[in-house]
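Basis for what follows: all heavy atoms, side chains included, without hydrogens, waters or symmetry-related copies. None of these values were measured; they are calculated from a predicted model. Sequence lines set the chain letters: A, B, ... in the order given, protein chains first and strands last, and positions in each chain run from 1.
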Amino acid sequence: MKLAILKVSGVLSTAATILYFSCSSKKLDLLPHGPTEANYFSQESDFSKAVFGVYAKMTDFFWYNGGNSLAPMVYLEGDDITTNASSQPFEAFGPIQPSNGSVTYFYTALYQMIARANVVLEKVDAVADGIYVTPNLKNYHKGEALFLRGLAYYYLWNYYGTAPLRNERVTSSDQFTPPNTSGTELLEHAISDFTEAATLLPQSWDAANLGRATANSANGMLGKSLVFKGSATKNTADYSAALAAFNKLTGLSLVANFEDNFAFDTENNAESLFEFQASQAFGFDNVWLPNDFDNAVGALSTYWGYYDNNFSLFGQSRFFATNKLLNAFDAADPRKEVTLNAGDRTVNKYVRRDKYSQSGVGSVNNARILRYGDVLLLKAEAILQSGGATNEAIALINQVRARARNMVPGGTVPADLPLTETDKSKIMTWIVNERFIELAGEGQRWFDLRRWQMQEIISLNDNFFDSNVPMAFDVTKHLLMPIPNSELDVNPNMQQNPGY
Amino acid sequence: MDRLTLRVMKLTAIFLMAAGIQVSANGYSQFSISEKNAPLSKVFKVIEKQSDYVFFYDYKWLEEARTVSIKMKNAALSEVLDMCFQAQPLTYSIIGKTIVVKPKDIMAITKGVEPEAELIKFIIVTGKVTDATSNKPLAGATITAKNADNTATTTDENGNFNLDVPEGVTALIISYVGYENMEVKIPKAGALNVRLQLKDSKVEEVVVVGYGTRRKKDVTGAVSTVDSKEIEKSTAMSPELALQGRAAGVFVESGGGAPGARPVIRIRGVNTFGFSEPLYVIDGIPIFEGGAGVTEGAIGDIRSPLNVFTTINPNDIESISILKDASAAAIYGVRASNGVILITTKKGKTGRARLDVNAYYGTQNIPKSISTLNTQQYFTLLEEAYAANPDANTSFAQKFGPLYDKSSPSYVGNGPTYNWDDELRNKNASLQDYNAKISGGSENTTYFFSAGYNRTESPLKANHLERFSFASNVDARVTKFLSAGLNVRLIQQNAEENTGGDLNTMMATIPFQPFFDPVDKTGFAPAASGSFEPNPAYDPTLLDPGAPLVFAPGDPVLLWGNQTRYNIFARQVLNSNDYELLNALGTAYVQLEPITGLRLRATIGGQRYTNRRKSWEDLDSWRFSQTPGNPYAGTDGNSKGRYGEREGRTYNLNKEFTINYVHTFNQVHGIDVIFSASDQFSRWSVSDLSGNVNFTDPQYRQITNQPPYTQGFSGILQEDALIGYLGRVSYKYQDKYYFDATVRRDGSSRLAPGNKWENFPSFAAAWRISSENFFPKTKFIDDLKIRGGWGRLGNYQSASPYQFLSNVGLTPDYPIGSGNGNPYGSQNQGARLPNFANTTLTWEKVETTSFGFDAILFSKSLSLTAEYYSKTTYDIIQAVSLPPNTGIESPADLNVASVTNKGIELQVGYNKKFGEVNFLATGNITTVKNRVTKLNEGAPIGDEFGRIEEGYSMFYLWGYKVGGIFQSQADIDAWKLAHPKGDANIGGYEYKPGDMYFQDVYGNPAAGSKDRYSQTPDSLINSNDRTYLGKTIPGYYYGVSLGADWKGFDVSIFFQGVGDVQKYNFEKSGLEAMSGAANQWASTLNRWTTSNASTKMPRAVYGDPGGFNRISDRYVEDASYLRLKNLQIGYRFSPEVLEKLKIVQNLRIYFSAINLLTVTNYSGLDPENSGVPPSRQFLFGINLGL
């Protein structure tokens, strides 16, 4: 009896053990319940989504971000917009630190956009035949990724100057710690991305796809970057190249009403080269949750609360136009009241014809990144600086002025500038001034000021900014934002920008 | 001595040991036998055939025996045997199931033995062994002749024995498991009456170790235990808190006063900056919780704030063992590196049915409050602060609005003060617990049933936890070889988690904002107002119709200025946030024991845990928010509120097959061998649905698919598989030498193919030096064992699942197609590859070495355990936030870091009787020295509040050091002279007297240098001057428990504390900042002013342009504390009184105070948890046994 039980249990335990060993490894081969890279990129729509993913990163630049909007960093450094908050780093310059949250956030988001673009570029280049079925879409995707990467490089150069290059997707740890760039290296890479993108992108998109990058977007940004490079290097060849790029633009025109460039109901219009497409998530535009949070909720909006003093500022000072800006307008320039209230200097752009998202905080009104008015003035500058015909340059400025005065039936202000003027520096002053009033409050001014400072056309100091608050601007330091601590703390190959 | 006798006795001894296990098995078998002149051996065979008895004899003896003629029917065994042994030279005795046959007269069978052999005479000693207290007979006690170890026998069922003792032996040694050995002199005549005393429990205490139990004295690894008596003293709903201060090496930090809060448990330091939670094993089931270890972010939110271990009723717990080092924990392999907590629940015991009822009721309050500024003081401070740094062109009134404008009729600066902090407290919050258990069993079946109810309120409003718990287990010995059992546990919990803020948030609320407004329909004072108008763009035919109503221009308006705070009390009433938790745990086993000592056991255990959140947000609640969004978004305008259900489901199935063999060879070589194979599969899935409801009535709050719009998403699905094989060999030689070796091999689904499997070995040895002959026999040392061990453990949970794969995230969205009047366009789903796929990711491993001793001293009144441990964690999975330039969005898991933890543990117990007073004291202390020894590229990680840097304690506090406060312009000028480059953080700010300045500790790195800073100060105060400010891992923690009982009274007092630890006082950094418009602590009345030259607190400056509130040692405080955790006074009614009550066997009433006193230098509400501090509780309880 004992023996029988021994035998039975021996057989049982052997069987049980064998059972365990035989089915062991397979049980461990679990996979996540979501797509992985290995099984993704198997159909055209997968690529489209990856491209939208790159665009989506732009939300980080424009949203409310739970009260940590990048708006102060984007709008305050110039001489057009000011605030009453003396402790606001981007107003006073002095308190800007490598640990600053906005400095860190913008930098991080820009590289995330680059990384997403790099994924698209890598996958599009490796795509098997037959996956793409829509004609040209593969080229468009590649063009969009290149354009957006170029845009990120453009911002990186303008803010951080010496940030590292990231032309390939990071897949191994030896890629983690690149060194600084120097000079206009970042801008050159932006230029090369825009150049290639321009050859790949469509001239235009159908109505359903409005807002996606076009060849105009790429050529416009290409020209702009080349003008910027010219300012930095004082090399006329850059201006010539810029001119060539601008000459490739087609089908653009200034819209009749200047304010249509800042209104929710006239987005992606004939003047537009590229805009951030603001909207609201179908569930809720939750301005405390990032775009990446979820499809139903999460912010897809822009934040204009600093302009219209939205309650969500919670006591932070709103933005004002500087007296300098107020006084720069001809009194009867129709652009003046589109831009600001003369009485209290509060800003009107973007918020006079605005539409909140469901949140009551974010707005669905697109932030304009590049418009034809800007391009015309850049083109004027490129002609002037490359030694082109001065009257041609002046005529371009006059186009911008004409649109403004024509907003009023029989308008006369601003009057045309005399085409006969040949003093290059005087014409340059006109350009500087026209850009000031045309583009005020659009987040363009600081980029212009710093490059003109490099070009020694202007000389920046505390007084220049006409700030409401005491400034501590140091021209040897503040043309560059600091490299964030989050990069330097972990990247021994990088150096901080001077002065920080 | 006669060789033959010797052999017989030796064998007998072995049988005695074997028999000891089954001594209770009785034989009521009846025998029928009919033999004529049969040899005795044949009769034996017949008896063996009819029963499970076996005969044990020497064939030689049978040669001397007479044949037997016998005819009996349905006779008892003894009748049959007596008949057979009539007139035989042999006699017999029954030991267990063995019938031992031996000669009546040893002389009669020594024929043929060498004549020169010395012949020994025997005397027969008879006697009885009983329990000294109950006087009940002890069956199976061993009686050994002194100095003749091989002469031994055991007592029968009635405690009787008879033993043939060689002449010359004068004494017997009586031993019995669980009792003190006793030596008695052999009397000249008459029977012996031996009364054995129960052994001191410290020595014979049995400890649950993984996959079995051990006598405490035989344990080689580091194991702490806490038993039910101590667990019952804790009123926490969760059993882990009962460990606080009770076990050396186990650090427990309360999660605060809310009943569902999670404590932090760290065993012997902190191993890793990843997953640091110990493994919990409840009755052999390794527990799995989705999102375990994460308390923040989306996962932390979905995991919910409720501690899953509140679903284990502490009343049902028999003991908790904590396996602290590798030699103890290696059997749990890859899950064990942070230690293993083994929870063993109560089981039925053989004997009469018992009913135990326990109950307590008490109330609790937060012991401390900190006063805040009243309205007038608040205005004074704010005006002063603003005057020190006004916005340009902006007066105080312009900045803060008419409420702050003295000239305005709506000025509130002279108004009443509302104490928000006090209002949030749930005064005299109740806690109650009722529990009933029935248990008992027969020889072959034991059972246990338990039911409990607990309801505990939080000391803050709108939070409570209610638990219904049921448990049952049955163990049955089905046949002689087969036993089986079932253990199930079902817990339903209902919780309200609707407080919506903590005391510090309340203290910061502007003091003039009221709670109540009788005019408002809700009775509460709103925070915002606004009116709505139809939205012209609303189009219900679209997928995204927009909101039907939008705020009228200029709305919403915050009613109390920019500093308006949400009205937490209105939101607590209007909204709800409830949880329903269901935890079902069960395990079933079948065990075969084909031969004594060999057990084959198959176990299947599982867990099903659901955690459902039901949330309701009333449409009206926007008016009580400081961020009032449009409540009509996503509705058709008829909605009365939004209802959501989110459910997380955890499924966990564990299968295990174990072979265990325990045997002692030659009385001295004890082995215990285990082999086990197991696999565990766990799944965590979450679904989340919410939608608008057209009714406010709670009974209509359900998820429907009706309009307006139900939105939902299925959140998370995570699966995890683990396969493990383990082997353990334990050997002991007598009670002197011990050796254990364990190997576990684990495979997990979490890692890449090729890295899935890993081995975890461990070794341990112990030497009971006091058992050696050379060890001096003194009264000082009763028992001394030294032990040590080494082993390797793993941690697989630091690796997020599937880190070896590149995931595709489908959550970005980008809208395109807007224009020509349409501002929205259409939303497009995007894709991203957010993570860095690490295909070489492997386990975190911990190697531990520990050695120490266990001693019992001073006539067993003092026990002492001292142990040194050293642990090195390597291949730590660092969730590295890769340099931002990489664009990798999720932190990447890399095996890059190493950390060591070293320290000493001391555990002391003292128990002595002074007259009628029985006094008991225990104490323990653990020291921890934590060092980060290696990091990725040597680069520090973590923020100022938890910096991780080589050479430092993990999570240390990092920041600036305060230099002082300028008392005069001369101070400022002198400082500027010494620091020509100034402070980079203050930009253009000009110092004024009363301002705080910071120390220049380091310098910027030399150009081209890869150092992060230079040791030489450079007169520039900037981020490179941040330095070590304190450590957050306590250097030591301890517990002291004192108890005494006298007659029926008992008193116990328990202290617990931690030391050598600092904390960043976040509350203070907000409530003493004086840089915003939030209310502040009254301590700010001591701020620097021209008339109050404070050297501690700077002047008030709005907006903090001077950076006084930067992270600095200004807010770093000593967070050590000593707490009188538990004071209990009880009275147990005497048996005489109870006898009158007839059925009551045991009755004790007690009064208990929890957290009576805390001694600390920490200035916040509590050094452990400031948001919801642990409450002070007073309660009455009763223990009743029937």
Review point. Among Pro628(B), Gly830(B), Ser1023(B), Pro884(B), which residue forms the greatest number of heavy-atom pairs with chain A at distances under 4.5 Å?
Key: Pro884(B)
**Study point:** Largest heavy-atom contact set with chain B, pairs under 4.5 Å, which of Asp265(A), Asn269(A), Asp474(A)
**Key:** Asp265(A)
**Study point:** Tyr989(B) side chain near Pro95(A) side chain, heavy-atom distance below 4.5 Å
**Key:** no
**Study point:** Residues Asp391(B) and Ser317(A): side-chain donor-acceptor under 3.5 angstrom
**Key:** no
Point to revise | Test applied, side chain to side chain contact (heavy atoms under 4.5 Å, CB included); reference residue, Tyr824(B); option that passes from Gln277(A), Glu267(A), Lys355(A) | key: Lys355(A)
**Study point:** Top of Gln718(B), Arg750(B), Gln626(B), Gln563(B) for chain A proximity - count of heavy-atom pairs under 4.5 angstrom
**Key:** Gln626(B)
Exercise for review: Return yes if a side-chain donor-acceptor contact under 3.5 Å exists between Ser279(A) and Gln827(B), otherwise no.
Suggested key: no
**Study point:** Thr171(A) portion near chain B, given a 4.5 angstrom heavy-atom threshold
**Key:** backbone
Point to revise | Gap between atom NZ of Lys27(A) and atom CZ of Phe681(B) - 0.5 Å precision | key: 10.0 Å
Check your understanding: So, do Tyr814(B) and Leu300(A) sit near enough that their side-chain heavy atoms are less than 4.5 Å apart?
Key -> no
Revision key, fill the gap. Under 4.5 Å to a heavy atom of chain B? For Ser486(A) that would be both
Exercise for review: State, yes or no, whether a side-chain contact exists between Leu833(B) and Arg169(A) at a heavy-atom distance under 4.5 Å.
Suggested key: yes
**Study point:** Donor-acceptor contact below 3.5 Å, side chain Gln829(B) vs main chain Asn295(A)
**Key:** no
Practice item. Return the option, out of Ala472(A), Ser99(A), Ala85(A), with the maximum number of heavy-atom pairs under 4.5 Å with chain B. Key: Ala85(A)
Practice item. Measure distances from Tyr107(A) to the heavy atoms of chain B and classify the residue's part below 4.5 Å as side chain, backbone, both or neither. Key: side chain
Study note, to complete from the structure: The interface call for Phe41(A) against chain B, heavy-atom contacts under 4.5 Å, is side chain
Practice item. Would you check if Leu805(B) and Leu31(A) make a side-chain contact, meaning some heavy-atom pair closer than 4.5 Å? Key: yes
Exercise for review: Name the region of Asp555(B), side chain, backbone, both or neither, that has any atom closer than 4.5 Å to a heavy atom of chain A.
Suggested key: neither
Point to revise | Ser45(A) portion near chain B, given a 4.5 angstrom heavy-atom threshold | key: neither
Check your understanding: Taking all non-hydrogen atoms of both residues, which atom of Leu28(A) and which atom of Ala721(B) are closest, and how far apart?
Key -> CD2-O, 3.5 Å
**Study point:** Flag side-chain contact, heavy atom, 4.5 Å: Leu810(B) against Tyr40(A)
**Key:** yes
**Study point:** Per-residue contact mode, Arg1026(B) against chain A (heavy atom under 4.5 angstrom)
**Key:** side chain
**Study point:** Thr627(B) versus chain A, the contacting section by heavy-atom distance below 4.5 Å
**Key:** both
Practice item. Count the heavy atoms of every other residue, nucleotide or ligand shown that sit under 6.0 Å from CG of Asn39(A), and state whether that count exceeds 12. Key: yes
Point to revise | Asn1004(B) CG to Gln496(A) CD distance, which is reported to the nearest 0.5 Å | key: 9.0 Å
Check your understanding: In terms of heavy-atom proximity below 4.5 Å to chain B, should Asn485(A) be classed as side chain, backbone, both, or neither?
Key -> side chain
Check your understanding: So Phe176(A) and Phe836(B), ring pair (Phe, Tyr, Trp, His ring centres under 6.0 Å) or not? Walk me through it.
Key -> CA-CA 11 Å; Phe176(A) 290 168; Phe836(B) 177 76; 5.2 Å; yes
Check your understanding: With only heavy atoms counted, which part of Phe551(B) is less than 4.5 Å from chain A, the side chain, the backbone, both or neither?
Key -> neither
Point to revise | Atom pair CG/OG of Asn838(B) and Ser173(A) - distance to nearest 0.5 Å | key: 8.5 Å
Review point. Atom CD1 in Ile816(B), atom CZ in Phe52(A): separation rounded to 0.5 Å?
Key: 3.5 Å
**Study point:** Among Asn807(B), Leu882(B), Thr394(B), residue most engaged with chain A (heavy-atom pairs, under 4.5 Å)
**Key:** Leu882(B)
Point to revise | Heavy-atom check, side chain of Lys756(B) versus side chain of Asp29(A), under 4.5 Å | key: yes
Practice item. Give, as side chain, backbone, both or neither, the part of Ala263(A) having an atom under 4.5 angstrom from any heavy atom of chain B. Key: neither
Exercise for review: Give, as side chain, backbone, both or neither, the part of Trp288(A) having an atom under 4.5 angstrom from any heavy atom of chain B.
Suggested key: side chain
Point to revise | Contact class of Ala208(A) relative to chain B, heavy atoms under 4.5 angstrom | key: backbone
Point to revise | Option that, when pairs with chain B are counted at under 4.5 Å, heavy atom only, ranks first among Arg212(A), Glu275(A), Met58(A), Gln112(A) | key: Gln112(A)
Exercise for review: Check whether Asn291(A) gets within reach of chain B through its side chain, its backbone, both or neither, counting any heavy atom under 4.5 Å.
Suggested key: both
Exercise for review: Answer with side chain, backbone, both or neither: which region of Val361(A) has an atom nearer than 4.5 Å to a non-hydrogen atom of chain B?
Suggested key: neither
Review point. Taking all non-hydrogen atoms of both residues, which atom of Ala392(B) and which atom of Val469(A) are closest, and how far apart?
Key: CB-CG1, 4.1 Å
**Study point:** Flag side-chain contact, heavy atom, 4.5 Å: Glu889(B) against Asp292(A)
**Key:** yes
Point to revise | Heavy-atom contact with chain B under 4.5 Å, split by part of Gln97(A) | key: side chain
**Study point:** Side-chain donor/acceptor of Asn268(A) to backbone N/O of Ser818(B), under 3.5 Å
**Key:** yes
**Study point:** Gap separating the CG atom of Asp813(B) from the CZ atom of Phe282(A), nearest 0.5 angstrom
**Key:** 7.5 Å
Check your understanding: Can you tell if the side chain of Pro812(B) reaches within under 4.5 Å of the side chain of Arg116(A), non-hydrogen atoms only?
Key -> yes
Exercise for review: Please look at Asn822(B) and chain A and tell me whether the side chain, the backbone, both or neither of the residue comes under 4.5 angstrom of a heavy atom of that chain.
Suggested key: backbone
Point to revise | Part of Asp462(A) within contact of chain B (heavy atom distance under 4.5 Å) | key: neither
Check your understanding: Contact part of Pro390(B) toward chain A, heavy-atom cut-off under 4.5 Å: side chain, backbone, both or neither?
Key -> backbone
Exercise for review: Could you tell me which portion of Pro35(A) (side chain, backbone, both or neither) has an atom closer than 4.5 angstrom to a non-hydrogen atom of chain B?
Suggested key: both
Review point. In terms of heavy-atom pairs under 4.5 Å, which option from Ala163(A), Pro178(A), Gly211(A) contacts chain B the most?
Key: Pro178(A)
Check your understanding: Quick one: CG on Asn393(B) to OG1 on Thr82(A), what's the gap to the nearest 0.5 Å?
Key -> 9.0 Å
Exercise for review: Looking only at non-hydrogen atoms, find the nearest pair between Thr886(B) and Ala115(A) and report the distance.
Suggested key: O-CB, 3.8 Å
